[in-house]
Amino acid sequence: MMIKNSGTTHRISSCIMGLGLMLAVPSISYAELEIKTGLQTTLTHHGTAKYGQPGKPFLHFDYANPNAPKGGKLRMAASGTFDSLNSYSSKGTAVTGLNLIYDTLMTQSNDEAFSMYPLVAESAEIAPDKMSIQFNLNPEARFHDGKSITAEDVSYTFKLLIEKGHPFFGSYYSDIESVKALNKGQVLFSFKSDQNPELPFIMSQLPILPKHYWEKPENDFSSASLTPPLGSGPYKISQVDGGRSISYQRVADYWGKDLPVNKGRYNFDEVIYDYYRDEHVALQGLKAGAYDLRYETVAKNWATAYDVPAVHNGDLVLSTLPTISPAPIQGFAYNLRRDQFQDRKVRKAISYAMDFEWLNRNLFYNSYIRSSSYFNNSGMEAKGMPNEDELALLAPWKKQLPEDLFTKPYELPVSDGSGNIRSNLKTALSLLKDAGWTLDNGQLTNSKGERFSIELLIAQPSMERVALPFKKNLEQIGISLNIRTVDTSQYIQRLRDFDYDMIVVGYGQSASPGNEQSEFWGSTAADTKGSRNYMGIKDPVVDAMIGHVINAHSRQELTTAVKALDRVLLWGEYLIPQWYYPYDRIAHSSKVVRPDAEPLYNTDLYTWWIEEANASEPSRKASTPVQSPVDDEQSNKWLYSGLVLLGLIPLWMHRRRKRTSPID
C-alpha cells in the first residue's frame, strides 16, 4: 500500500497511523514498512504515527482467540420496542444490533485508543497536501447477494447519508468537499481544508450500503420499515417479529471471515434480541434462563438481585470486566430553549438540589464516582487551574467567560450524605435571588408572578428513584418538578423535537475527541432538530474551543484543547453531572465463554463463543475472573454510564465506542 504524506512516500505492508488513524493491509505476510524521501531510504520499521506510536502488524486481534469454535445461539434482551430496520434514518425507532449486517471501510481495535484496520478497504492513500484520502477496495468484498462492493457503492452511501440520513451525518461529514469513484475499486474523498486531521479516520468508519438495493423504488431509505435490508457484514437478518424480537444469522460464506480483523470473532451462529418493555421482567427472564447475557447497569441489581441458585451453582456467571475507555458524561440536562434556564445562576442553583452523596450511599451501594468532567477517565479532564497552554486558548474570550474560571477550580456541590442539605439549598436560594426569583409561601416566583416549574422527561422507570429525592429537594426551594415517564418511541420523538424542559442525557466520549463535539455542543446543531445538542448550547466560546479540538495537530494540542473545552462546558452549567463506572458488569450463562485476554477499551462480545455442557474445561475457565456483588460493593467500583438516546444511529455509536442507555 502507498501512503503519501507531506511529500514522503510510505510503502506499506503493515500499518499506518496518523491522528488516531491506522491503515493496515490484511495480507498473510506482513513486510516491513519502507519509508522513502525521494530516492533515499531513511527508515525501516512497522509503521508511522502522527499521534503516539504506530500499532504492530498482526494476524488477529490480541484479545481474540483465532481457534474459537463457531456455533450456538446467543440470546440477549433489549428495552422498549422498535419499528424500523434502518438505523441511519431519523424516522422510527431502530432495532438493536444492525451494525452486525454492515461492513465499514475499516474497523477499530479495542486494544488501541484510535486505530483502524482494513475491512472493505484493503489500503488507503493520504494526499501529500492532506486534502484528500483515497481508499482502495478489497476486490473480494461483496454484499450478501453476491454482488461486489464497488467505489460507486461507497460514493452513493456518502451522498445518501448526507441527503436522506439522520441530521447527524450532515454535521459529522461537514468538512468533506466531495466524493468521487475513480474506478470500480478506488474512491476519493476530498476535504475542504487541511486543518481537520481526524477526517481520514472519520471516513474509514463509513458503512457501505448497496446502491443497487436502495435505488429500487420500493426501498425508501427515508422511511421506517421492517423489510430486512441488504448488507455485507458477518450476519444477516433471518427473522423479525415487529417490536418484539429480531434474529441475526451468521453468514457462512461471509467474504471477510478470514481477514485478520475477523479471526476469532463473530463466533455465534445466531444472535437474537428479545424486547422487554419492563426492566424488572427482563432481569427475571435472565435468571429464569430466557436469554443468555445481560449488561447490568443498575447498581442495586448487581448488589442484591443475583443472590439466586443459578449463580450459586455456576449456571449464571457474574463478571466484572475493567475498561480504560473514557467514561461518558451523564446528567440532568437543561433545555436552554426554555426561558427559565437562560440564566447560568439559575442552572447552578438547581444543581445544589441533587445530593449525590446521599444517592450513592442509599441507592447505589457506594459503587459510583461523581462525574466531574465531560471527559471522565480520559486523561483530558480539566483539573485544578488552567495551565499556560489552556489560558492561551481561553484568554481571548475572557469577557465572555465567568470570572471564576480564571481564578479557581470548578467544583460541584458536596454533602455529608445524611440527606440534610440545608446549607446547599441556602446557597441555591441565594443564587436564585440574584437571578430575580423569590421564595414566597413555599413557591418560587419571578417578578411577573410566574412560578418556577420543570418537567423532567424520562423513558426508564428505574430513573424515577433517582429523580424523586431530587424532586423533594427542589420543593424545599419552591421549584415544582414533574417527573413524566413515556415510552421509548414517544421519548425519542420528543428528543428529536427538543420538546422537554429537562432530560437525563449521556454523551459517550472517545479517546480522541473530534468532529462529534460540534454535534454535541455546537451552535449550528442547537437549531437542527434531531441533533444531539440536547441542551441547545449556542455559545461562540464553545464553538471556538470545539474548533481547537478538531484542528489539533498533536496529542498535546488535542489534550490542551479538550481541557479548555471541558472548562467552558463545566462553568456553563449546562447539566448537573451524575456518575460513571469504568467497568462492564455482565451476567451471562456459563455456556457463554470469553477468551483469556480482555481488550483495553470496551468488552468485545463477538470474541466470545458458546461452549456446550460437554466441552473441555480449558475454555470454560475463560469465564473468570468473577466478582460477587458484595466484592463489587466493597471495592467501590465505578458505574459505567452511556447515551440516553435509544436506537438512534447505533452503528455509529458502536464504532465510536458509545453506549446506548443511561445508567442508574
Side-chain angles (χ1 to χ4, degrees), residues 1-5 9-18 20-35 46-49 54-61 64 66 99 102-109 112 114-127 132-144 146-158 179-190 199-211 231-234 251 253-266 655:
M1 162 172 122
M2 300 298 294
I3 294 287
K4 302 173 183 176
N5 195 344
T9 298
H10 308 251
R11 183 170 181 82
I12 295 184
S13 293
S14 173
C15 51
I16 294 290
M17 181 169 68
L21 173 65
M22 179 178 295
L23 308 178
V25 178
S27 57
I28 298 301
S29 61
Y30 287 83
E32 290 182 318
L33 168 65
E34 189 179 57
I35 300 181
H46 283 112
T48 185
K56 59 188 178 186
F58 71 109
L59 296 177
H60 60 82
F61 289 134
N99 57 291
Y102 295 110
D103 278 331
T104 52
L105 286 169
M106 293 185 159
T107 191
Q108 288 181 237
S109 163
E112 296 164 284
F114 257 96
S115 59
M116 299 300 294
Y117 293 89
L119 192 53
V120 172
E122 66 177 1
S123 63
E125 300 174 25
I126 302 173
S132 66
I133 183 170
Q134 175 182 310
F135 291 99
N136 306 311
L137 307 188
N138 189 323
E140 300 299 319
R142 63 183 187 272
F143 295 106
H144 293 153
K147 293 189 177 182
S148 296
I149 298 177
T150 69
E152 278 294 333
D153 292 305
V154 179
S155 174
Y156 175 81
T157 298
F158 177 82
V179 57
K180 182 180 181 180
L182 302 178
N183 52 51
K184 184 177 180 180
Q186 295 179 312
V187 62
L188 180 71
F189 289 93
S190 298
L199 285 182
F201 179 86
I202 288 174
M203 298 325 300
S204 69
Q205 296 174 310
L206 183 73
I208 312 304
L209 306 179
K211 180 180 179 181
S232 61
V251 179
D253 61 347
Y254 169 46
W255 75 270
K257 64 181 179 180
D258 294 324
L259 295 180
V261 295
N262 289 329
K263 287 183 178 179
R265 304 182 71 223
Y266 307 116
R655 299 293 182 186

Trainee: Salt bridge (Lys or Arg N to Asp or Glu O under 4.0 Å) with Glu152: which residues, sequence neighbours excluded?
Mentor: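 For Glu152 the salt bridge (Lys or Arg N to Asp or Glu O under 4.0 Å) partners, ignoring immediate neighbours, are Lys211.
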Trainee: Can you tell me if His60 uses its side chain to pair, donor with acceptor, with the backbone of Leu259 under 3.5 Å?
Mentor: no
Trainee: Pro234: which residues meet the side-chain contact (heavy atoms from CB on, under 4.5 Å) condition with it, sequence neighbours left out?
Mentor: Asp103, Tyr254, Tyr266
Trainee: Please confirm whether the backbone N or O of Thr150 pairs with a side-chain atom of Ser148, one donor and one acceptor, at under 3.5 Å?
Mentor: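 Checking the backbone N and O of Thr150 against the side chain of Ser148, no donor-acceptor pair under 3.5 Å is found.
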Trainee: Verify side-chain contact (heavy atoms from CB on, under 4.5 Å) between Met203 and Val187, making sure each step is shown before the conclusion.
Mentor: CA-CA 11 Å; Met203 298 325 300; Val187 62; over 6 Å; no
Trainee: So do Tyr117 and Ser109 actually touch side chain to side chain, heavy atoms under 4.5 Å?
Mentor: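 Side chain of Ser109 against side chain of Tyr117, heavy atoms only: contact under 4.5 Å found.
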Trainee: Could you state the interatomic distance from OG (Ser132) to CG (Leu199), rounded to the nearest 0.5 Å?
Mentor: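 If I round to the nearest 0.5 Å, the distance is 11.0 Å.
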Trainee: Once rounded to the nearest 0.5 Å, what's the spacing between atom CG of Leu119 and atom CG of Asn138?
Mentor: 8.5 Å
Trainee: Between the main-chain N or O of Asp153 and the side-chain N or O of Thr157, is there a donor-acceptor pair closer than 3.5 Å?
Mentor: yes
Trainee: Quick one, Lys257 and Asn262 - any side-chain contact, counting heavy atoms below 4.5 Å?
Mentor: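 A side-chain contact under 4.5 Å is absent here.
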Trainee: With sequence neighbours excluded, tell me which residues meet ring-ring contact (aromatic ring centres under 6.0 Å, His included) with Phe158.
Mentor: Tyr173, Phe189
Trainee: Looking only at heavy atoms, which two atoms of Ala121 and Met106 are closest? And how far apart?
Mentor: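 The pair with the smallest heavy-atom distance is O-CE, 4.1 Å.
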Trainee: Looking at OH of Tyr156 and CD1 of Ile208, how far apart are the two atoms once the value is rounded to the nearest 0.5 Å?
Mentor: 13.0 Å
Trainee: How close do Asp258 and Lys263 get, counting heavy atoms only, and between which atoms?
Mentor: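 Scanning both residues, the minimum pair turns out to be O-CE, 3.2 Å.
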Trainee: Please give me the minimum heavy-atom distance between Val179 and Ser155, naming the atom from each residue.
Mentor: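 Heavy atoms only, the tightest pair is CG1-OG, 3.7 Å.
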Trainee: In chain order, what residues pass the side-chain contact (heavy atoms from CB on, under 4.5 Å) check against Lys180, with sequence neighbours excluded?
Mentor: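 For Lys180, the residues satisfying side-chain contact (heavy atoms from CB on, under 4.5 Å) (neighbours in sequence not counted) are Leu182.
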Trainee: Show your working on side-chain contact (heavy atoms from CB on, under 4.5 Å) between Val120 and Thr104 and close with a plain yes or no.
Mentor: CA-CA 6 Å; Val120 172; Thr104 52; over 6 Å; no
Trainee: State which residues pass side chain to side chain donor-acceptor pair (under 3.5 Å) with Ser232; sequence neighbours excluded, sorted by chain then number.
Mentor: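 Checked Ser232 against side chain to side chain donor-acceptor pair (under 3.5 Å); zero matches.
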Trainee: Can you name the residues that form a side chain to side chain donor-acceptor pair (under 3.5 Å) with Gln186, not counting sequence neighbours?
Mentor: Asn136, Asn183
Trainee: Exactly one of Ile149, Ile133, Leu137 should register a side-chain contact (heavy atoms from CB on, under 4.5 Å) with Leu105. Which one does?
Mentor: Leu137
Trainee: Minimum heavy-atom separation for Ala124 and Phe135, please, with both atom names.
Mentor: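 Reported closest heavy-atom pair: CB-CD2, 3.9 Å.
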Trainee: Looking at every non-hydrogen atom in both residues, tell me the closest pair between Phe143 and Pro210 and how far apart they are.
Mentor: CZ-CA, 3.4 Å
